[in-house]
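Working notes, structure below.
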Amino acid sequence: MITLFSAATLLGSCDQPLREPGFVSEQITKNATIIIDGQPDQIFPLFGAFEEKKWAEGWQPVLLYPDTETIHEGTTFVTPGHGHGEKKFTWIVTRYDNQQYIIQYLVYTENRHWIITVTCSPHHESQTAASITYAYIGHNALGNEINEAMLKKMYAHDLHDWEDAIHYYLAK
């Protein structure tokens, strides 16, 4: 038996408007490139959600899909939010190209979403240049405010803190 549902049935009635009156969504973007000792074949996997646990203190993604910790387009996991009333972040791998060393994540909450793109390339003889771009988009005024604060915090050191953490991990 096939049952048809309307969007209203699936979503329930909504007392709140879907968009704040007068709200203008903002996109803010920032990029930094870090240099890591090692070849892209060795370094690129460290930007996958589950390999990142090796070098990013406190990083504990909880896998939703698939049922094994593998990275491919569609891999979905959640992490705790970082304040501002956001209890969790949902992450989806939207692009994964192991040959071109590109991974892209879509991360979202009720207030905002952002796209993280990491591209690795050879740098000199034994290093990798990792270009990391965050593009934040607000869903409401609070989302725009959070995005501005988070972008400043994320890039306070132009991601050299990531570079240091990865070098520390690789040296162990």
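A quick note: this is a predicted structure, and the numbers were derived from the prediction, not measured.
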- Regarding Tyr101 and Asp41, is there a side-chain donor-to-acceptor distance under 3.5 Å anywhere? yes
- Query: Within a strict 4.5 Å, meaning less than it, do heavy atoms of the Ile116 and Trp91 side chains meet?
  - Reply: yes
- Any side-chain heavy atom of Leu106 within less than 4.5 Å of one from His113? yes
- Query: Are the side chains of Thr79 and Gln60 in touch, meaning some heavy atoms are under 4.5 Å apart?
  - Reply: no
- Answer with yes or no whether the side chains of Ser25 and Asn144 bring together a donor and an acceptor at under 3.5 Å. no
- Query: Near Tyr108 OH, under 6.0 Å, is it more than 12 heavy atoms from other residues, nucleotides or ligands?
  - Reply: no
- Message: Quick test of your reading: applying salt bridge (charged side-chain N to carboxylate O under 4.0 Å, His left out), list the pairs with at least one residue in residues 104-122, sequence neighbours left out, ordered by first then second residue.
- Response: Glu86-Arg112
- Out of curiosity, does Val107 fall in the hydrophobic cluster containing Val118 (side-chain heavy atoms, cut-off under 4.5 Å, transitive links)? yes
- Give a yes-or-no answer on whether the side chains of His160 and Glu163 include a donor-acceptor pair shorter than 3.5 Å. yes
- Task: Mind jotting down which residue pairs meet the salt bridge (charged side-chain N to carboxylate O under 4.0 Å, His left out) criterion with at least one end in residues 69-84? Sequence neighbours excluded, please.
- Result: Lys53-Glu69
- Does the gap between the ring centers of Trp114 and Phe89 come in under 6.0 Å? yes
- Message: Measuring only between side-chain heavy atoms, which start at C-beta, is Ser126 closer than 4.5 Å to Gln39?
- Response: yes
- Message: I'd like to know whether the aromatic ring centres of Trp59 and Trp162 sit less than 6.0 Å apart in this structure.
- Response: no
- Any donor-acceptor N/O pair, Thr109 side chain to Asn111 backbone, under 3.5 Å: yes
- Once the angle between the rings of Tyr155 and Tyr134 is folded into 0 to 90°, is it parallel (under 30°), tilted (30 to 60°) or perpendicular (over 60°)? perpendicular
- Message: Are the side chains of Phe77 and Tyr105 in contact, using a 4.5 Å heavy-atom criterion?
- Response: yes
- Could you check if a side-chain atom of Leu64 sits within less than 4.5 angstrom of a side-chain atom of Val78, using non-hydrogen atoms only? yes
- Task: Run the numbers on Ile103 and Ile71 for side-chain contact (heavy atoms from CB on, under 4.5 Å), then give the verdict.
- Result: CA-CA 9 Å; Ile103 190 166; Ile71 294 292; 3.7 Å; yes
